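See below for the structure under consideration.
Note that the structure is predicted; figures quoted are calculated from it, not measured. All heavy atoms count here, side chains included; hydrogens, waters and symmetry mates do not.
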Amino acid sequence: MKGSLEWLMVVVASVFEVGWVIGLKYAATTGEWALTTVAIIVSFGLLIRAGQRLPVGTVYAVFVGLGTAGTVTMDILIFGEPLRLSVLLFLALLLAGIFGLKAATSTEEVEKEGN
């Protein structure tokens, strides 16, 4: 499948996004700030590489959506944010939109963007 590696880059970039977003709030030591900086560099580096071969609007929407979903999930699981039905419903809606955008990106668009 064309663009599979690039989509994997977007997913990994989103994981690093969750790391740096959490780091921006909770980093207190020089080492934690260094890890936050590395996460920013890796995250945007992978995003830029993926955007060179895939439609950049879809890539960015998927990146931000997955990062948002991951950050909210980490807030609930690790930092004790209360789990509310409304949050779960909106996360489900967000993820449905992400998967919809990904599914709507045709192979022809990926090939055209990559050339």
Side-chain angles (χ1 to χ4, degrees):
M1 174 165 38
K2 281 271 191 197
S4 294
L5 177 61
E6 287 80 10
W7 284 116
L8 179 61
M9 285 184 204
V10 175
V11 171
V12 173
S14 298
V15 171
F16 277 91
E17 180 188 20
V18 172
W20 68 257
V21 168
I22 291 170
L24 288 178
K25 182 169 183 173
Y26 295 105
T29 67
T30 303
E32 290 168 345
W33 279 110
L35 288 174
T36 300
T37 302
V38 168
I40 291 170
I41 292 167
V42 171
S43 178
F44 283 104
L46 290 171
L47 179 68
I48 290 166
R49 290 207 47 206
Q52 292 172 341
R53 299 228 8 162
L54 298 171
V56 70
T58 304
V59 166
Y60 186 68
V62 170
F63 168 77
V64 171
L66 290 176
T68 301
T71 302
V72 170
T73 301
M74 291 298 103
D75 272 345
I76 292 168
L77 295 176
I78 296 175
F79 301 110
E81 280 292 315
L83 178 61
R84 295 185 307 273
L85 181 60
S86 60
V87 171
L88 290 177
L89 291 173
F90 286 118
L91 275 178
L93 182 62
L94 176 66
L95 291 173
I98 291 167
F99 293 128
L101 277 171
K102 166 70 173 78
T105 303
S106 69
T107 303
E108 293 82 27
E109 288 179 78
V110 171
E111 290 173 358
K112 185 175 74 175
E113 289 283 330
N115 292 330

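Residues Ala69 and Leu95 share a closest heavy-atom pair of CB-CD2, 4.0 Å. Across Thr105 and Pro55, no two heavy atoms sit closer than the pair CG2-CG, 3.6 Å. In terms of heavy-atom proximity, Ala27 sits nearest to Thr36 at CB-OG1, 4.0 Å. Of all heavy-atom pairs spanning Phe63 and Ala13, the tightest one is CE1-O, 3.5 Å. The two residues Thr58 and Lys102 come nearest to each other via the heavy atoms CG2-N, 4.5 Å. Closest heavy-atom contact between Ala50 and Val10: CB-CG2, 3.6 Å.
In this structure, Trp33 is a member of the same hydrophobic cluster as Val21, with clusters built from ILVMFWY side-chain heavy atoms closer than 4.5 Å. Transitive grouping of hydrophobic side chains (ILVMFWY, heavy atoms separated by less than 4.5 Å) keeps Met74 and Leu66 in distinct clusters. Side-chain heavy atoms closer than 4.5 Å link hydrophobic residues (I, L, V, M, F, W, Y) into clusters, and following such links, possibly through other members, connects Val72 to Leu83. Hydrophobic clustering (side-chain heavy atoms under 4.5 Å, transitive across Ile, Leu, Val, Met, Phe, Trp, Tyr) keeps Ile41 apart from Val15. At a threshold of 4.5 Å between side-chain heavy atoms, the hydrophobic network of Ile, Leu, Val, Met, Phe, Trp and Tyr places Ile98 and Leu101 in two separate groups.
Thr71 OG1 to Trp20 CH2: the interatomic distance, rounded to the nearest 0.5 Å, is 8.5 Å. Put simply, CD on Glu6 and CG on Leu46 are 11.0 Å apart, with the number rounded to the nearest 0.5 Å. The line from CD of Glu32 to CG of Leu24 is 12.0 Å long, rounded to the nearest 0.5 Å. Annotation: the span from Leu35 atom CG to Thr29 atom OG1 amounts to 8.0 Å, rounded to 0.5 Å. For the atom pair CG (Leu88) and CD1 (Ile76), the distance works out to 6.0 Å, reported to the nearest 0.5 Å. Considering CG of Leu89 and CG of Leu94, their distance stands at 12.5 Å, rounded to 0.5 Å.
Shown here is Tyr26, whose OH atom has more than 12 heavy atoms of other residues, nucleotides or ligands within 6.0 Å.
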- Item | Pair Phe79-Ile22, side-chain contact (heavy atoms from CB on, under 4.5 Å): steps then yes or no | CA-CA 10 Å; Phe79 301 110; Ile22 291 170; 3.7 Å; yes

